[in-house]
Visitor: 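Let me begin by handing over the structure; questions about it come next.
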There are 2 protein chains.
Amino acid sequence: MRRTSRPRSERETASVYSVRDAALTLFARRGFHGTALSEIAEALQIRTPSLYNHMTSKQGLLAEIVTTTSHQVWEDYRHAVAEQSTIEDQIRAAVYVYALRHATHPREAMVVNRDIAALEEPTLSEVLELRRRHEHALRGLVEQGIDDGIFDRQPASLVSFAVLEMCVSIARWYRPDGEFAPEEIARQYGEFALRMARGDRTTSRPSGL
Amino acid sequence: MRRTSRPRSERETASVYSVRDAALTLFARRGFHGTALSEIAEALQIRTPSLYNHMTSKQGLLAEIVTTTSHQVWEDYRHAVAEQSTIEDQIRAAVYVYALRHATHPREAMVVNRDIAALEEPTLSEVLELRRRHEHALRGLVEQGIDDGIFDRQPASLVSFAVLEMCVSIARWYRPDGEFAPEEIARQYGEFALRMARGDRTTSRPSGL
DNA sequence: CCTACCGATCGGTAGG
DNA sequence: CCTACCGATCGGTAGG
């Protein structure tokens with residue numbers, strides 16, 4: 001499955017996938033502007049001009065990585081929330097899938113969160129809109145919980161920002177051979193989110209139940 | 001006070017401070033590799049070679065920004081914790097000053113957290129060591145609280161990573177003309193941290209008291 | 001997939 | 001603080 005930095009052998013040639021994969025690794029490590037196309041080519045053991053058989057431009061490579069990931073994040077969210085019925089379960093699920101993605105796709109997460117400013121229009125606006133939608137949706141859940149009386153009265157935007165960004169940071173320190181499995185981390189972060197939202201309340205459901 | 005992007009006038013000339021300040025603004029916006037020295041010079045309305053009267057190199061500019069900030073973060077932490085006597089108050093204070101710094105110095109925070117990989121040795125190792133020390137110190141407080149029975153039994157490293165990174169993210173969205181003052185944000189994040197550490201326990205002190 | 005090559009721009013230096 | 005200039009490297013194209 002993993003073709004990253006595997007040197008080509010026999011008649012195997014570079015592909016759209018392998019170029020994207022090598023770019024992902026290098027963009028994540030050095031940043032978009034810190035990565036030269038010659039480095040991507042070198043990782044694939046081909047010459048720089050040959051890359052253009054598998055991509056349109058360096059910018060196009062970035063756009064593809066960021067837009068694909070951003071759309072997946074939004075789809076993750078929609079599906080996770082749709083399967084739950086209570087606000088608490090929806091938030092737990094939304095944070096779970098978001099945290100999980102950052103542990104299982106740390107390279108994509110690094111690039112999305114560091115190199116968005118390097119995107120050109122109209123891709124930049126498209127991505128910012130998807131992120132805004134995601135953040136507002138989570139914030140809406142927190143606001144709903146506050147209105148329902150199950151969460152503390154507090155600025156919902158601070159909760160949603162803090163929750164999303166603590167998930168993003170997983171990509172900075174997660175290692176596949178580390179102490180925790182992605183699912184453990186995701187579960188724990190789901191709990192963190194609920195604790196932050198609940199505030200000084202107890203774990204139990206609102207007084208009516 | 002604020003000299004950023006103020007054009008020079010009369011006999012006023014560029015200074016070490018103004019070069020550092022212009023670099024800070026541009027590094028924060030476009031990243032270290034995404035910023036050209038010619039852009040810094042343009043912001044100061046001088047020619048690129050003239051920058052070298054006020055700096056040693058582009059790399060030196062980055063090193064100065066990152067090391068100064070990293071040392072200040074560690075000093076903030078030491079002073080904040082030294083003034084408190086309980087674990088809860090120490091964590092609250094440590095998170096308060098860290099969050100506050102990210103709201104009051106968003107440019108420094110952006111650069112430190114995005115362009116560390118662009119540092120050369122030995123600066124890179126020095127900065128990583130300071131950050132490691134900070135993270136381990138906060139983690140130690142969480143572990144102490146767990147041992148004392150005031151916090152949930154849980155992986156202390158997940159708590160400390162999540163807390164620190166949610167503070168870092170303040171630099172991404174904070175705007176001086178926004179809804180919340182830095183002190184309000186910092187206070188709220190201090191509470192978030194304690195809620196995460198406490199887990200399903202109530203706010204009250206351990207059973208003994 | 002390659003070699004050969006393009007103009008542009010990079011960080012930085014010489015010398016005043 | 002400037003002009004003039006350096007070698008290196010950038011993303012990308014021509015043409016096969």
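Hydrogens, waters and symmetry mates are skipped; everything else that's a heavy atom, side chains included, is used. A note on names: the letters A, B, ... follow the listed sequences, proteins ahead of strands, and every chain is numbered from 1.
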Visitor: I want to check one thing: is the phosphate of C:dT9, taken as OP1 and OP2, less than 4.0 Å away from some side-chain N or O of B:Ser38?
Guide: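 Answer is no, no contact under 4.0 Å.
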Visitor: Just checking B:His33: base, sugar-phosphate only, or nothing, at a heavy-atom cut-off of under 4.0 Å?
Guide: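 It contacts nothing in the nucleic acid.
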Visitor: Are A:Arg47 and C:dT3 close enough that a side-chain N or O sits under 4.0 Å from OP1 or OP2?
Guide: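 Yes, within the criterion.
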Visitor: Are there more than 12 heavy atoms of other residues, nucleotides or ligands under 6.0 Å from atom CD of B:Glu121?
Guide: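 Atom CD in B:Glu121 is packed in, count exceeds 12.
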Visitor: Check this for me: B:Glu42, atom CD, are more than 12 non-hydrogen atoms of other residues, nucleotides or ligands nearer than 6.0 Å?
Guide: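 Count not over threshold, so no.
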Visitor: May I ask you to decide if the ring planes of B:His102 and B:Tyr98 are parallel, tilted or perpendicular, using 30° and 60° as cut-offs?
Guide: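 Correct class here is perpendicular.
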Visitor: What nucleotide, of D:dC10, C:dG12, C:dC2, holds the atom closest to the side chain of A:Ala36?
Guide: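 Comparing D:dC10, C:dG12, C:dC2 against the side chain of A:Ala36, the answer is D:dC10.
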Visitor: Touch check for A:Thr35, heavy atoms < 4.0 angstrom, all strands: base, sugar-phosphate only, or nothing?
Guide: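 If one applies the 4.0 Å heavy-atom cut-off, A:Thr35 turns out to touch the sugar-phosphate alone, with no base involved.
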Visitor: What is the distance, rounded to the nearest whole Å, between atom NZ of A:Lys58 and atom P of D:dT13?
Guide: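 In whole Å, D:dT13 P lies 15 Å from A:Lys58 NZ.
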Visitor: Between C:dG11 atom P and B:Leu51 atom CG, what is the distance in whole Å?
Guide: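 After rounding, the gap between these two atoms is 10 Å.
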Visitor: Hunt down the Watson-Crick or G-U wobble partner of D:dC2, both distances under 3.5 Å, from any strand shown, or write none.
Guide: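 Across all strands, the one nucleotide that pairs with D:dC2 is C:dG15.
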Visitor: Write down the distance between CD1 (B:Ile46) and C1' (D:dT3), rounded to a whole number of angstrom.
Guide: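 Nearest whole value for this atom pair: 14 Å.
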Visitor: Using the closest heavy atom to pick a nucleotide of DNA chain C for each, name whichever of B:Asn53 or A:Thr48 lands nearer the 5' end.
Guide: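 Result: A:Thr48.
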Visitor: Determine the interplanar angle of the B:Trp173 and A:Phe161 rings, folded into 0 to 90°, and report it as parallel if under 30°, tilted if 30 to 60°, perpendicular if over 60°.
Guide: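 Geometry flag for A:Phe161 against B:Trp173: parallel rings.
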